[in-house]
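What follows is a short report on a single structure.
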Amino acid sequence: MTTMLIFAAKKVGLSCLSFLFEAGEKIELVIISNEQEIELIEFCSSNKINYLIFSDDSLNKIIANKRKYGWILNLWSPHKLPIELLSMAGCRVNLHPSLVPHCRGNDCAAWAIRSGAPIGVSILEMNSLIDDAGIYIQKELKLNYILKGRELHELLQNALIDLFLENWNAIKLGALQPYAQSVGGSYFTRHQTEMDRFKNCSEVLRLDDTIRWIRSHDFFPGTTAEVEIDGIIYSLQLELKEIRKINII
């Protein structure tokens with residue numbers, strides 16, 4: 001049985017970590033993204049799983065230990081991992097909430113809506129670049145109307161959990177081998193998201209683009225799209241007149 005070093009965060013991290021633990025995988029160490037991840041901390045503590053909170057110090061300790069792992073798994077952790085750490089495992093897996101090569105980088109739900117790119121989830125190899133390595137498996141989601149950013153964010157998390165649970169054994173046993181991403185696609189940063197979220201009233205968009213812009217940034221009660229008119233900033237939301245069933249293929 002090969003040992004695992006796992007980086008975990010949020011619902012995806014907790015669900016996948018629980019699955020691996022119940023499957024009897026040898027989890028050597030879990031790096032939890034921050035101290036606010038109470039459910040992950042409690043899960044590790046109650047099941048006597050070794051864990052650390054992510055920090056430069058914790059990474060340096062792991063690297064200095066020079067331990068070799070069978071797998072390094074990134075289960076929704078937002079942190080970029082150094083090559084010195086990645087080289088400590090023979091196999092590395094990253095869960096990403098977009099249909100790469102589309103919407104690599106940050107804020108995948110917002111940019112999938114905003115750009116009109118194909119929507120989906122991917123399980124990738126992990127290298128020193130960002131979401132640029134080979135694809136183990138991915139799934140496209142066909143939706144029949146434009147979701148809010150928050151709605152799509154939740155849907156992508158659930159789809160990614162399902163994809164991992166359904167395919168982990170095939171990945172572990174080598175039945176699924178990574179293949180290269182197609183050329184092109186897109187990459188977005190958090191700075192681009194914040195810049196796009198705010199517009200001045202002098203900027204004119206087509207109506208369909210305006211709808212995508214408002215819906216893509218709707219993470220209410222968190223952030224929303226904003227527009228400034230005569231020095232006043234308005235927070236924007238759109239509600240559907242009629243909500244039909246979402247078709248996911």
Qualifying side chain to side chain donor-acceptor pair (under 3.5 Å) pairs with a residue from residues 77-89, counting only residues at least two apart or across chains: none
Same cluster or not: are L29 and L40 linked, directly or through other Ile, Leu, Val, Met, Phe, Trp or Tyr residues, by side-chain heavy atoms under 4.5 angstrom apart? no
Shared hydrophobic cluster, I229 / L238 (ILVMFWY, side-chain heavy atoms < 4.5 Å):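 As far as the 4.5 Å side-chain criterion goes, L238 and I229 are connected within one cluster.
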Please identify each residue that fulfils ring pair (Phe, Tyr, Trp, His ring centres under 6.0 Å) with F43, with sequence neighbours left out. F21
Y51: partners by ring pair (Phe, Tyr, Trp, His ring centres under 6.0 Å), with sequence neighbours left out: none
Results of side chain to side chain donor-acceptor pair (under 3.5 Å) for [X] - residues two or more places apart only:
| X | answer |
| --- | --- |
| S122 | Q138 |
| D230 | none |
| S15 | none |

Using the salt bridge (charged side-chain N to carboxylate O under 4.0 Å, His left out) rule, collect all pairs that involve residues 165-178, keeping only residues at least two apart or in two chains. E25-K172
Qualifying salt bridge (charged side-chain N to carboxylate O under 4.0 Å, His left out) pairs with a residue from residues 45-56, counting only residues at least two apart or across chains: none
Apply salt bridge (charged side-chain N to carboxylate O under 4.0 Å, His left out) to [X] and list each qualifying residue two or more places apart in sequence or on a separate chain.
| X | value |
| --- | --- |
| E22 | none |
| D209 | R114 |
| E228 | none |

Non-hydrogen side-chain atoms of R215 and L240 separated by less than 4.5 Å: yes
Please list every donor-acceptor pair under 3.5 Å in which a side-chain atom of residues 97-109 meets a protein atom from a residue at least two apart or in another chain.
unit_1 : atom_1 : unit_2 : atom_2 : d
S98    : OG     : H96    : NE2    : 3.0
S98    : OG     : H102   : O      : 2.7
S98    : OG     : C103   : O      : 3.1
R104   : NE     : P101   : O      : 3.3
R104   : NH1    : D132   : OD1    : 3.0
R104   : NH2    : G184   : O      : 3.2
D107   : OD1    : R190   : NE     : 3.1
D107   : OD1    : R190   : NH2    : 2.9
D107   : OD2    : R190   : NE     : 2.8
D107   : OD2    : T193   : OG1    : 2.6

